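Data first, discussion second: the structure below is written as structure tokens.
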Amino acid sequence: MSSSTGAQNPFLEVRNLRVHFPTDDGVVKSVDDLSFSVERGKTLGIVGESGSGKSVTSLSVMGLHKRGTADITGEILLDGQDLVGLDPDAVRRLRGKRMAMIFQDPLSAMHPFYSVGSQIVEAYRVHNKVTKQVARKHAIDLLERVGIPNPKSRVDDYPHQFSGGMRQRAMIAMALSCDPELLIADEPTTALDVTVQAQILDLIRDLQAEFNSAVVIITHDLGVVAELADDIMVMYAGRAVEYSTAEDIFTNPQHPYTWGLLGSMPRLDRERTERLQPIAGSPPSLINVPQGCPFNPRCAYDALNGDLSTTERPEFRDVGGGHFIACHLSGEERTRIWENEIRPKL
Amino acid sequence: MDRDDLLVAEDLQMHFPIRRGLLRRKVGAVQAVDGLTFSVKRGETLSIVGESGCGKTTTGRLLTRLLEPTGGKVTLEGRDITHLSMSDMRPMRRDIQMIFQDPYSSLNPRHTVGTIVGAPYRLQKVDPPGGVKKAVQELLELVGLNPEHYNRYPHEFSGGQRQRIGIARTLALRPKLIVADEPVSALDVSIQAQVVNLLEDLQNEFDLTYVMIAHDLSVVRHVSDRVAVMYLGQIMEIADRTALYERPMHPYTVALLSAVPIPDTNRKNNRERIRLQGDVPSPINPPSGCRFHTRCWKAQEICKTVQPPLAELAPGHRAACHFPENTDKLTIDPTGVAS
């Protein structure tokens with residue numbers, strides 16, 4: 001999928017990515033033919049439920065799957081350089097320097113035995129030939145930049161001495177230590193309270209404006225992506241089902257799964273609805289992904305397509321203006337359903 | 001006490017002692033819950049919201065008497081249950097049940113679904129008509145599970161299905177009150193909506209009263225009749241759902257509501273957001289006066305010294321603040337509180 005602006009080369013481009021895990025029970029197809037791209041200074045939001053492949057995708061980009069456990073095919077182009085099949089040492093030199101990641105749970109992403117400062121210093125010195133004193137100064141600056149009070153003394157604290165919000169800030173400081181050009185944030189605020197979440201989202205937005213990085217934010221919270229993302233990709237069962245600008249996804253969603261997500265969420269900005277409109281059933285096993293459209297067992301409209309839903313996998317195609325969906329429904333049917341059945345109930 | 005009140009908490013307090021040194025002397029206390037007064041009416045859903053560490057889970061455990069309060073009183077249908085012993089509490093447990101947050105750790109992995117859901121009958125020595133197996137299968141059907149899954153183990157189910165198993169277990173004895181501690185927060189969005197709808201249906205069918213403990217303000221607005229906002233072990237504001245969401249009086253409530261991300265790209269630029277600085281202070285050594293004053297943008301001298309009472313500023317709407325918001329249309333003079 002090429003970006004709608006097209007002129008600039010995307011900083012990260014993923015083409016036909018497949019990540020399969022062979023297990024005793026069968027092959028887990030966590031990511032199956034996924035393509036997307038992000039430009040510098042832009043934010044892509046990846047939305048989906050657990051098991052939709054969003055975290056596996058980000059770990060593949062970062063080269064963090066253990067060797068021999070995952071079968072990765074396709075292309076992951078970072079500034080034109082393909083990371084799939086690249087020597088692990090070469091990926092390690094890129095990681096931290098050109099791309100960095102913020103994890104969901106800062107307590108398990110940081111080493112409990114080392115002080116917060118020494119972990120930032122380590123990350124910085126791996127990529128920069130500087131003395132410990134210079135790196136320490138840099139760490140203090142970074143902690144101050146992400147809003148840790150008293151950074152001069154807190155730099156020697158251990159992760160357990162930080163609160164959840166401060167730990168997440170410290171991890172962001174670590175991720176930013178080498179001014180990465182690509183920042184992947186995997187559920188960066190899920191473990192945080194709503195007031196702290198607002199602080200962290202502000203921080204990510206400010207930092208992006210400052211460094212002009214490409215940002216990928218992975219979340220299940222549509223509110224969070226609406227705050228941050230320029231473009232949104234909705235994933236289901238390891239595949240993209242819808243992709244467009246953030247505005248388009250919220251004002252004119254085209255895929256029944258996206259409708260389902262919107263109907264499942266109670267919203268503070270609307271009148272209270274009497275009843276939520278959940279999606280029936282539960283996400284499929286990634287070992288036995290349903291034939292045809294993977295969403296067909298849960299789709300309320302699959303009957304409109306006859307046998308097509310269960311026999312043929314819908315192509316991920318542009319339905320106008322860079323709005324991509326993978327759905328068999330015709331344009332008229334989608335418009336009719338959205339206008340008459342979905343939007344009035346939201 | 002009102003006849004409609006099913007459960008009443010008066011000045012409820014839970015201070016966990018901190019012991020240090022060889023003699024394990026008490027050197028302080030975590031003031032997890034510090035002076036809660038509220039009532040739960042029959043048939044209503046009261047939600048308790050707040051950030052992590054505000055004492056909402058402790059409150060739930062006090063109401064169900066999984067913890068014994070260090071002060072105050074809990075009455076269920078007029079009967080004081082504050083200091084009942086384990087064995088005296090047991091018959092009361094038919095009336096109060098609990099739904100837990102984590103559907104993975106709250107079900108015994110070595111027991112079948114049948115054993116888990118049938119446990120309340122065994123423990124309470126109740127013989128349901130038609131036998132335990134039939135009763136359990138009816139319960140499974142009621143919560144939207146296949147009754148044939150009676151002999152399966154928890155690991156064979158997804159998170160949402162496990163939460164349904166937990167709900168079936170709480171319903172076995174037809175309780176009057178269900179305390180649900182974050183019942184949907186561990187679930188995916190689409191599954192969350194299914195469970196929220198299920199809880200609503202069950203409430204209508206069995207006349208249940210719910211105390212929901214939650215942090216997701218959007219879900220809370222959807223499910224609740226009344227909402228209590230907690231901060232550092234105390235209630236900051238308690239009101240009907242509509243009043244609380246449309247005319248929040250406590251600055252903390254205002255800040256919480258403004259921090260919720262709205263899934264609408266047009267809104268993000270023109271919505272005023274109040275940014276709270278810093279983190280929640282430690283409940284070991286809570287701030288003097290109003291506990292929120294360290295993070296409040298309206299705080300004045302008086303807030304540091306005098307703790308504002310939880311005063312009724314509008315009918316059914318209580319807030320503990322010297323300088324409440326949204327009071328311009330009130331008949332009660334809020335300055336009486338501040339002076």
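All of these numbers come straight from a predicted model, not from anything done at the bench. Order of the sequence lines sets the chain letters (A, B, ...), proteins ahead of strands, with each chain counted from 1.
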Does the plane of the ring in A:F295 sit parallel, tilted or perpendicular to the ring in A:H255? Use 30° and 60° as the thresholds.
tilted
Can you label the angle between the B:Y153 ring and the B:H155 ring as parallel, tilted or perpendicular, going by 30° and 60°?
parallel
Quick test of your reading of the model: are A:E49 and A:R298 salt-bridged, counting only N-O distances below 4.0 Å?
yes
Proximal component of A:S50, with respect to chain B [non-hydrogen, under 4.5 Å]:
both
Tell me which of these, B:I274, B:D201, B:V280, has more heavy-atom pairs under 4.5 Å with chain A than the rest.
B:D201
Charged N-O contact under 4.0 Å between B:K298 and B:E325
yes
Heavy-atom cut-off 4.5 Å, strictly under: side chain, backbone, both or neither for B:E51 against chain A?
both
Could you tell me which portion of A:Q199 (side chain, backbone, both or neither) has an atom closer than 4.5 angstrom to a non-hydrogen atom of chain B?
side chain
Measuring from atom NE2 of A:H323 to atom OG of A:S244, what distance do you get when rounded to the nearest 0.5 angstrom?
4.5 Å
Please flag which part of B:Q161 lies under 4.5 Å from any non-hydrogen atom of chain A: side chain, backbone, both or neither.
neither
Looking just at side-chain N and O atoms, do A:Q208 and A:T43 make a donor-acceptor pair shorter than 3.5 Å?
yes
With only heavy atoms counted, which part of B:V196 is less than 4.5 Å from chain A, the side chain, the backbone, both or neither?
side chain
Region of A:Q197 that comes under 4.5 Å of a non-hydrogen atom in chain B:
side chain
